[in-house]
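Every number for a ligand or one of its atoms is a count from 1 in the order of the listing. Quick note: numbers below take in every heavy atom, side chains included, and nothing from hydrogens, waters or symmetry partners.
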Amino acid sequence: MNIALIAHDKKKDDLIKFINQYIGIFETHSLFATGTTGQRIMDETSLNVTRFKSGPLGGDQEIGAKVANKDIDCIIFFRDPLTAQPHEPDVSALLRLSDVYDVPLATNEGTASAVMLHLAEIKSKNN
Ligand SMILES: O=C(CO)COP(=O)(O)O
């Protein structure tokens, strides 16, 4: 599967911790990320990631374009609900496209954990 990973600045530590928790599942998928999130993932985990521009510079939109082209199967987006983002319209556009194309989108750790359990189930069925 093609999985997009995104985290706002105050959630990046949480995302890295989350990824390391489920590293065995993530390493069996193709990963995409916005710029800074992707760099942190590559620096702090063993995973390789295709990086787009940083979110405020268009990265959410680039991932949105991939969603519209049916190139993304799942999005894990650790959003910061307590900090205003200068590129909020881009974030909303990505969330909207995930609904348009019915792409699973986890915007917090609880939902992301549920998604990972689902991916683990698929993996064990395929083995
Ligand atoms: O702002 C973001 C998502 O809206 C994330 O972008 P970065 O990964 O470049 O910080």
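Within ligand 1, the atoms closer than 4.0 Å to a non-hydrogen atom of Thr36 are 7 (P), 8 (O), 9 (O), 10 (O), numbered from 1 in the order shown. Atoms of ligand 1 found under 4.0 Å from any heavy atom of Ala7 (numbered from 1 in listed order, with element): 5 (C). Here is the list of ligand 1 atoms found below 4.0 Å of a heavy atom in Thr37: 7 (P), 8 (O). Less than 4.0 angstrom separates some heavy atom of Ile6 from each of these atoms of ligand 1: 3 (C), 5 (C). Below 4.0 Å from some heavy atom of Pro56 lie the following atoms of ligand 1, by number and element: 1 (O). Near Val91, meaning under 4.0 Å from one of its heavy atoms, ligand 1 places the atoms 4 (O).
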Check the pair Arg40 / Asp43 against salt bridge (charged side-chain N to carboxylate O under 4.0 Å, His left out), numbers first and verdict last.
CA-CA 5 Å; Arg40 288 229 16 211; Asp43 289 346; over 6 Å; no
Go through the steps to decide whether Lys12 and Thr36 satisfy the test side-chain contact (heavy atoms from CB on, under 4.5 Å), and finish with yes or no.
CA-CA 9 Å; Lys12 283 182 172 67; Thr36 318; 3.8 Å; yes
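Nearest non-hydrogen protein atom to atom 10 (O) of ligand 1 is Lys12 NZ, 2.7 Å. Of all protein heavy atoms, the one lying nearest to atom 6 (O) of ligand 1 is Gly55 N, 3.0 Å. Among protein heavy atoms, atom 9 (O) of ligand 1 sits closest to Ser54 OG, 2.6 Å. Looking at atom 1 (O) of ligand 1, its nearest protein heavy atom turns out to be His87 NE2, 2.8 Å.
Among the candidates Leu31, Asp73, Ile72, the single residue satisfying the side-chain contact (heavy atoms from CB on, under 4.5 Å) test with Met1 is Asp73.
With salt bridges taken as basic N to acidic carboxylate O contacts below 4.0 Å, none links Arg51 and Glu62.
Without hydrogens or angle criteria, Thr34 side chain to Asp60 main chain gives no donor-acceptor distance under 3.5 Å. The main-chain N or O of Asp80 is never found under 3.5 Å from a side-chain atom of Lys11 such that the two would form a donor-acceptor pair. Listed for the Thr111 side chain is no donor-acceptor partner under 3.5 Å among the backbone atoms of Thr107. Checked by atom type and distance alone, the side chain of Asn2 pairs as donor or acceptor with a backbone atom of Asp71 at under 3.5 Å.
When non-hydrogen atoms are compared, ligand 1 lies under 4.0 Å from the side chain of His8 (C-beta onward) but not from its backbone.
Residue Asp60 places at least one N or O, backbone or side chain, under 3.5 Å from an N or O of ligand 1.
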